[in-house]
Amino acid sequence: MIFGLFENFGIYDCVLFLTLTYVAYYYYKYFTRENPLPGPFPFPLVGNFPQILWFIGNIEMFFNCCYKKYGDIYEIYTINIRTIVLCQRKYLDNILSKNTHEMKIPKCKILTKELGSEGKGLTLNNDYKSWMFNRHFFNQAILSPKFTNEAIEQTNKLFNELESYWSKLFLKEEIIKENKNILNFSEWFQYYTNDITIKLLSGKRSYSMATYFNTLSDEKADYPEDAVKLSQTFHKPITEYSIFFVVPPFIRHNIPFFKNKANSILQTLDNVNQTLDAIIKSRRQEIEDTSLNEPLQNDMLTSMIIKNTLRDNNYIETGEAMRSLTDAEIRANMQEAINSAALKIGNMLSFIVYYIAHNPDVKKKLLEEIDSIFQGDKIRPITKDDFYSLSYCEAIVKEVARIFPVTHLITRYIDNPSETAEYHWPAGTLFVINSKVIQNNDDDWEEPNKFNPDRWMVENFEPNKNSFLMFGGGSRFCPGRKLSMIELVCLTALIFRKYEVDLVDMNAPIKVTSDPGLVRCLSLLVEIRPRNCYVGADY
Ligand code: HEM
């Protein structure tokens, strides 16, 4: 009798039958899931993609709306993976513990193979041993005192270069008189951070600022041709990467618009890989050609190449456990560092300037601190001691990171069953931590919506555990935190020491776009002129 039912089935009936069976199975699984939580209603194959699509370009808004509607813990379906969103610090004890070694993304062969990141680098590396190994090299290269000194030296050098462009374009007397001293701060600092990141990490110059200057000026800056290609190659994947995280593979592979976008990113990544391979090869050669007693450059690439070789001061021959990194591993680490650093620091600087401009009392205190440290000297290079003394400036950076974080989400994926937020979760659960909501919670922060750097100045002040996640937490804590603080504090001081920076439109909200990885400033127009700290001073 059952077989009789199927006798007259055509191909369309079969497709319809299979679709209905799949949909029934999908919703059976959905309605019988473990620990059901509130959240937007999902659809077969695409999960909550239709709802997320509504917020494309401003994913932060999607998470805000869900938080308001569903509360401190809810679930969404991204790329058809059930994702538990945590918006309370009390839920994070287990998941951000230093003793756990959770991954950041689901084990997804297509993703890691497509992006070529399988078992390499840090963020997308799901192999714990390989992650540990790479993380050790990463930390050693970027957290050393030599690297700190190099970061401060390069910050000064590149800031001088930036000023040389600004003086030609915006700071001449006649330009200021005609009110043409307006610049797009977010663009300039995106190029600045590109330049400094690539210099510190690879030892090479990218000349992004020079390239940008040339688009604005009749007078042209000189730079080597190959350097330009490097900066252009790095710019694209960082900004468009998120298509691999929000668009399901089926759509990415078959719908022409998404397919073309994904292919173009893969092509760019391929160019980045080739560029990095060439840089690594030539640096290896330079190191080989340098005698053992001659000093080497202090960039991250050089440190990663020489670690566990005869060049390394701490070298002990112990075999595989202390092997050095392969070119492919170095490349993945470099790519990751460049992707992480330039955009986050660049965008945060724009947010800092925006908040300072809107808070005159904060600006006044900042200038008092700067003047007391530099004593009116607007030219001498900033030093490591200055960096450690700029405590109010550091408080501003932290307060901006708290109230308006550049990374608003942090992910964790468990490959063993675990207890989190008072529920037992099976292996294979993905969690998203909404750090923006957590950092603006009034249980942990007095008047959380008030921009108040002074809260960081109270003696012995420490935020409650897991209530401030600027650099994440647990063993996956951001390894670039020291470099970031150096850049953010030093640049804020260098800018405000010498320049008056006013927003062109004080009434406009800050223009941003956000994807799951980053909140990005689209544009920040400011009017700039030399700051007259002391009456009668010469500029
Ligand atoms: C304002 C600047 C920055 C901010 C706000 C920031 C924030 C973060 C956050 C929130 C995480 C996730 C941590 C977690 O999952 O618990 C992270 C991870 C990471 N960051 Fe940063 N970061 C910044 C700059 C940098 C820089 C300058 C570098 C490198 C040069 C860097 C390299 C990385 C890497 C490699 C990871 C992945 C670590 C891992 O999975 O083991 N970041 N960062």
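Given the structure is predicted, the values throughout are model-derived calculations rather than measurements. Along the sequence shown, residues are numbered consecutively beginning with 1. Counting starts at 1 for both ligands and their atoms, in listed order.
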With heavy-atom distances below 4.0 Å as the criterion, list the atoms of ligand 1 near [X].
X      : answer
Phe138 : 35 (C)
Ile142 : 29 (C), 30 (C)
Gly473 : 16 (O)
Met470 : 5 (C), 7 (C), 10 (C)
Ile410 : 14 (C), 15 (O), 16 (O)
Val406 : 5 (C)
Gly472 : 10 (C), 13 (C), 14 (C), 16 (O)

Distance to 0.1 Å, residue and atom name: give those for the protein heavy atom nearest to atom 37 (C) of ligand 1. Thr123 OG1, 3.3 Å

Protein heavy atom at shortest distance from atom 32 (C) of ligand 1: Ser340 CB, 3.4 Å

Taking the six-membered ring of Tyr207, is the NZ or CZ of Arg205 close enough (under 6.0 Å from the centre) and on axis enough (within 45°)? yes

From Ser186 atom OG to Arg520 atom CZ, the distance as rounded to the nearest 0.5 Å: 9.0 Å

Heavy-atom proximity to atom 24 (C) of ligand 1, picking from Ser484, Ala401, Ala341, points to Ser484

Please state whether Pro479 comes within less than 4.0 angstrom of ligand 1, counting heavy atoms only. yes

Judged by non-hydrogen atoms, does Arg412 sit under 4.0 Å from ligand 1? yes

Backbone or side chain, does any N or O of [X] fall under 3.5 Å from an N or O of ligand 1?
X      : result
Leu96  : no
Arg135 : yes
Trp131 : yes
Arg476 : yes

Over 60° means perpendicular and under 30° means parallel, so classify the ring planes of Phe461 and Trp456, tilted if in between. perpendicular

Can you confirm whether more than 12 heavy atoms, excluding those of Met457, are under 6.0 Å from its CE atom? yes

I'd like to know whether the aromatic ring centres of Phe189 and Tyr192 sit less than 6.0 Å apart in this structure. yes

So, Phe133 versus Trp131, ring centres under 6.0 angstrom or not? no

